[in-house]
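Below you'll find the structure, written out as C-alpha cells, and then a few comments.
The chains referred to below are lettered A, B, ... by the order of the sequence lines, with proteins before strands, and numbering in each begins at 1. What you are looking at is a predicted structure, and each value in this text was computed from that prediction instead of being measured.
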Amino acid sequence: MKIFDTLAREKITLGLPHDRMIKMYVCGPTVQDNFHIGHARTYVFFDSLAKYLRINGYRVFYLQNITDIDDKIIDRAKAENVDFQVISRRYTAEFYALMKALKIDSVNLYALATDHIMEIISQVKRLVEAGFAYETGDGVYFSVSRFPDYGKLWGQDPQTLLAGTSANLREDKRDPRDFVIWKKMKPGEPYWDSPWGKGRPGWHIEDTAITEAYFGPAYNIHGGGMDLIFPHHDAEIAISRSLSGLDRLSDYWIHTGMVNVNLEKMSKSLKNFVTIREVLASYGSEEIRYALLNANFSTAINYSESLLQESRAVVNQLSILYNKMRIKAGHYVRKPGTNETIERLNGIVGDNMDFRGLFRDVMNLLGTWNASLESMSEAELLEALSVLDWLDSFTGIIRHESASTDISGPVGLLLRIRSELRSRREFQLADTIRSSLLSMGIYIEDRGAETLWWIDTAGVDKK
RNA sequence: GGAUAGGUGGCAGAGCGGUCAUGCGUGGGACUGCAGAUCCCAUUUAAUAGGGUUCAACUCCCUACCUAUCCUCCA
C-alpha cells in the first residue's frame, strides 16, 4: 500500500514487515479539558488505519501516549483549587469514555506520561551526559545546534527559525531554538525528584521516553495531527536520534489534517470548538466516523451541521440495506473471507487510505444491490453482506440494529394487530400504531402485506 | 516574510490533456391504501484571474490574487 509521508513529502510505498509486528505510535491528547471533534478526527483515522492493516494480515502494536502532566493541567488545577491529578484523572476517564463511544478500540496500550517518569529522567540524564542537553536555572534544555537535522520534518531551514526568534532569547538559554526537556519546579507545582532537583518533564521527551520503553530506538509508523509536526515531532526526532545514533526514528510519518469551523482551525484558544460529547448527543458514532473519514486524511475538514446531516443520510442508507439483507439471509453469521469486490475495494483503500474513493464505490454498489434485492440469489446476498461487513470492520460506519423477525414480544403483538387492521383496510388505526412505534425507535417498512421491522438504535432522542 | 497543502457546479469533493465523477440537497416520475424505504429522470454547456504550450486544458507551464495549517500552547 501507499501513503503520503510527511518527511518524504509524497506518497510512498509502505514496505512494512509482514513477518513481525508493526510498531505504530500516535500522539495522544493532553488531558486538560474537554475533547473536540478535531481530536476525534485524528483518533478515528488512526483507529481505521490500524484495523485496515490488521485485516490485511499485519500485526499492529498500536501505542498511544496521554500527556497527564503539563502547564495547562496545572493552570486548570489552580483555577479549580484542586490537585493536578483531579484534573488529569477526570479528563483521562472522559477520553477513554469518548474513545469507546466512537468505537475506537484498536489501541493496544495507552501510556501515561506520569507512569514513565523514570524513563524520562533516564533520557534527560543520557542527553546531558552526551552533551546534547544542558542545565540552566529553570530546567534542562536540548541543544538544537547539536542536531543538524532539526526542522527537517517541518521542511524548513532551521536558520529561518533562528532569525525569527532571536528576540525571545532567554537569559540562560544558549540558543533561542533550544527546547525544554525538564522543567524545574516553581513554588506550589507538582514535582518529581531528579538529578536536577524537583521538577517535571517537558512535553517532547514524554513521547520519546515512552516509545523507547516499548519500541526501542526506532519503529514503523508515527502519527498525529498536522499541528504537531513542528516543533513536537521534530523535537522527538532530535531527542531520539541523538540517543540512538540512528538515521531515523520512524519509517513513516503520517499526519491528519485539521478540523476547521468557518474555515478556521478548531481550537481552545479561538473558542470555536465543538466537543465530541455535544456531537454524540445528536449523532451516532457511525455518523461521526463517516463524516471524519469521508475526506483525504491530510486535508482540512470544515465542520458544519450539514456535514453531519449528509453523513446521516449515507449511514442510514447503508444500515437499512444491511439490515434488510441480514433479515433476508436468515441466520447469517459473519465470516471473514474475501471476494473480488473486496479485493477491488481493498486496493482503493491501499492507495493513500482513500476512504472517499471507497465510499464512492460502495455507494454505487448500494444502488445495484437495492435494485436487485428481491431477485438476489443466496450466494449474491452473502457476498454483498460480506462486503459490507468487511467495510464496517475497519470504518465502523454501519449501524447494526437488533434485526428481528420475532413476533412473540409486545412489538410483535402490536404488529400482528396492525397487520390485521391493514387487511381489513382500517388504515387510520394501523397508521396510529405505526407512528407510535416509529417514535419509539422501531424501524418499520410495509412491503405489500408484509411488514419489515427492527429496533432502530439511532434512537428517538437524536435529531 | 518562510514552509506546506489547496482554489471545480446550491453544498461537499474526485479523476483525467479530448469521452457521465460521486454523494448530499432540490425538482419531477415509478412503486405504495398512505408513510417510509427503494429505483428512474432532471438539476451538466462547473472549473479564482491573466498569459503560455497544444489540433485540443478544469487537467501541463508561468504570473497574480485568494484560503487553510505551521514558524516553540495545540489532534
Side-chain angles (χ1 to χ4, degrees), chain A residues 4 6 9 26-30 32-33 35-46 64 67 70-72 75 144 151 154-165 168 173 176-180 202-204 223-232 234-235 255-260 263-270 273 290-291 294-296 298-302 304 306-307 309-314 316-317 320-321 323-324 354 356-357 359-364 366-374 422 425-428 430-431 434-435 438 443-448 451-452:
Chain A
F4 187 88
T6 308
R9 271 160 242 294
V26 174
C27 280
T30 300
Q32 51 156 16
D33 200 349
F35 305 94
H36 56 69
I37 49 170
H39 296 107
R41 200 244 174 125
T42 296
Y43 304 127
V44 164
F45 174 77
F46 285 104
Q64 188 173 122
T67 300
D70 172 86
D71 289 1
K72 290 196 171 174
D75 291 346
V144 167
W154 180 34
Q156 184 144 288
D157 184 352
Q159 291 305 317
T160 315
L161 178 59
L162 188 60
T165 54
N168 66 9
K173 243 166 100 172
R177 300 169 299 174
D178 290 351
F179 53 85
V180 68
W203 179 33
H204 313 309
M226 207 74 103
D227 53 352
L228 298 185
I229 295 172
F230 192 89
H232 190 48
D234 258 313
H255 291 100
T256 47
M258 297 293 98
V259 175
N260 295 344
L263 302 178
E264 261 188 325
K265 177 181 166 183
M266 188 178 287
S267 72
K268 301 271 163 65
S269 47
L270 288 169
F273 61 93
Y290 179 88
N294 188 30
N296 182 320
S298 54
T299 60
I301 293 175
N302 199 36
S304 66
S306 62
L307 178 76
Q309 282 296 330
E310 181 178 334
S311 195
R312 163 156 297 174
V314 172
N316 278 342
Q317 285 180 50
I320 288 168
L321 178 64
N323 285 302
K324 282 184 190 174
D354 184 9
R356 198 164 233 304
F359 297 155
R360 177 197 61 211
D361 269 38
V362 168
M363 292 314 282
N364 283 337
L366 220 60
T368 313
W369 289 333
N370 266 318
S372 62
L373 188 61
E374 294 308 309
R422 286 180 68 222
R425 307 192 66 78
E426 293 180 30
F427 295 119
Q428 198 177 354
D431 289 352
R434 182 173 61 194
S435 60
L438 284 172
Y443 177 89
I444 292 177
E445 186 176 321
D446 289 327
R447 306 179 62 79
T451 297
L452 205 58

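Out of B/A75, B/C71, B/A14, the shortest distance to the side chain of A/Arg360 is found at B/A14. Among the nucleotides B/C71, B/C73, B/A37, the one closest to the side chain of A/Lys324 is B/A37. Distances were taken from every side-chain heavy atom of A/Trp154 (C-beta onward) to each of B/A75, B/C73, B/G2; the shortest belongs to B/G2. Residue A/Asp431 places its side chain closer to B/C34 than to any other of B/C34, B/U69, B/C74. Considering only side-chain atoms of A/Asp446, the nucleotide from B/U38, B/C73, B/G33 that sits closest is B/G33. Minimum atom distance to the side chain of A/Pro231 is reached by B/C71, of the listed B/G23, B/C71, B/G33. The side chain of A/Met363 has B/G23 as its nearest neighbour among B/G23, B/A75, B/A68.
Here B/C34 presents its C1' atom at 16 Å from CZ of A/Arg447, a figure rounded to the nearest Å. Put simply, CZ on A/Arg312 is 18 Å from C1' on B/A12, counting in whole angstrom units. Distance NZ (A/Lys265) to C1' (B/C74): 5 Å, rounded to an integer number of Å. As a whole-Å value, the separation of A/Ile320 CD1 from B/A37 P is 6 Å. Atom C1' of nucleotide B/A5 and atom CD1 of A/Ile301 are separated by 15 Å, given to the nearest angstrom. Separating the CD atom of A/Glu374 from the P atom of B/A30 is a distance of 21 Å, rounded to the nearest angstrom. Going from atom NE2 of A/His39 over to atom P of B/A75 covers 4 Å, rounded to whole Å. Atom CG in A/Asp227 sits roughly 17 Å away from atom P in B/A5 (whole-Å rounding).
Between A/Ala291 and A/Ser311, the shortest heavy-atom contact is N-OG, 3.2 Å.
Aromatic ring pairs are classed by plane angle as parallel below 30°, tilted from 30° to 60° and perpendicular above 60°; the pair A/His39 and A/His36 is tilted. Using cut-offs of 30° and 60° for the angle between ring planes, the A/His204 and A/His232 rings count as tilted.
A distance of 6.0 Å separates CG in A/Asn370 from NZ in A/Lys324, rounded to the nearest 0.5 Å.
Not a single donor-acceptor contact under 3.5 angstrom links the side-chain atoms of A/Asn294 to the base of B/G23. A donor and an acceptor atom sit less than 3.5 Å apart, one in the side chain of A/Arg434 and one in the base of B/A35.
Mapped onto RNA chain B by nearest heavy atom, A/Phe179 and A/Phe4 fall at different nucleotides, with A/Phe4 at the one closer to the 5' end.
B/A12 sits 33 Å from B/U32 when the C1' atoms are compared, rounded to a whole Å.
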Requested in this report: With pairs defined as Watson-Crick or G-U wobble and both distances under 3.5 angstrom, please note down RNA chain B as a dot-bracket string, | for pairing with another strand.
Outcome: (((((((..(((.....[...)))((((((.......))))))....(((((..]....))))))))))))....
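Contact annotation: A/Asn370 reaches the phosphate of B/C39 (side-chain N/O to OP1 or OP2, under 4.0 Å).
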